[in-house]
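Just below is one structure, and these are the notes that go with it.
Side-chain atoms are counted along with the backbone in the values below, which use heavy atoms only and exclude waters and symmetry mates. In this chain, residues are counted from 1 in sequence order. Counting convention: from 1, in listed order, for ligands and their atoms alike.
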Amino acid sequence: MTRCVCPGSFDPMTLGHLDVVRRARNLYDEVVVAVLINPNKTGLFTPEERVALIEADVDDLDGVSVMTFEAQLLVDVCRTTGAGAIVKGLRGETDYAYELPMAVMNRHLAGIETLFLPSDPEFAQVSSSLLKEVARYGGDVSRFVTPAVAEALRERLGKD
Ligand code: PNS
């Protein structure tokens, strides 16, 4: 049985994230989607809301579970869940510059390897923060999130 972790803030999950989770599931028997909560950052959605939205998004996938972790190292999340690797999407050079030090550090800390999956070009410019900004001012983000997330964004940000 092989298991990996797909970590992130997922505030909220985008179709880009979902694509990475699906592709990770093609590579591993089990995927743990780890919602990491930074106690110093207030998100748009609570940890419980993020988990519920992700669970709805991955409903059709066997072997995918969703968990939240607060103020913990990702390598400890890997230990706790028994995952042998981290899988993340890479949208471009900016992601690479941000991700590389963490990947090197995680390997140094616990021998955990990080696998980078190149983003589907359709989602290469999509981030949760950009979508929140567009949705906040009434823009349509429904192409980049599931209907459940689009509805949650509309409800939370008060636009229709
Ligand atoms: O979706 P994000 O915000 O880009 O995800 C970043 C995240 C949560 C994966 C990263 O910040 C992380 O791994 N945080 C856990 C704390 C940790 O292990 N920090 C040291 C990394 S070397």
Between [X] and [Y] (side chain of the first, backbone of the second, donor and acceptor by atom type, cut-off under 3.5 Å), is there such a pair?
X: Asp95; Y: Arg91; result: yes
X: Arg22; Y: Arg25; result: no
X: Asn106; Y: Met102; result: yes
X: Arg50; Y: Phe45; result: yes
X: Thr14; Y: Val145; result: no

Open item on the list: Val75 versus ligand 1: do any nitrogen or oxygen atoms come within less than 3.5 Å of each other?
Closed with: no
Any idea which atoms of ligand 1 are less than 4.0 Å away from a heavy-atom of [X]?
X: Gln72; answer: 15 (C), 16 (C)
X: Tyr98; answer: 4 (O), 6 (C)
X: Asn106; answer: 22 (S)
X: Met105; answer: 22 (S)

Open item on the list: Tell me the nearest of Ile37, Leu36, Asp11 to atom 8 (C) of ligand 1, using heavy-atom distances.
Closed with: Leu36
[atom]: which protein heavy atom is closest, and how many Å away?
atom: atom 2 (P) of ligand 1; result: Ser9 OG, 3.5 Å
atom: atom 5 (O) of ligand 1; result: Gly8 CA, 3.6 Å
atom: atom 18 (O) of ligand 1; result: Leu74 N, 2.8 Å
atom: atom 9 (C) of ligand 1; result: Lys88 NZ, 3.5 Å
atom: atom 20 (C) of ligand 1; result: Leu73 CD2, 4.0 Å
atom: atom 10 (C) of ligand 1; result: Met102 SD, 4.0 Å

TODO: Determine whether Met67 and Val35 make a side-chain contact, defined as any pair of heavy atoms from C-beta on separated by less than 4.5 Å.
DONE: no
Task: Min side-chain heavy-atom separation Arg3-Asp29 under 4.5 Å - done: no
TODO: May I have the step-by-step check of side-chain hydrogen bond (donor to acceptor under 3.5 Å, both in side chains) for Asp11 and Ser9, ending in yes or no?
DONE: CA-CA 6 Å; Asp11 186 39; Ser9 309; over 6 Å; no
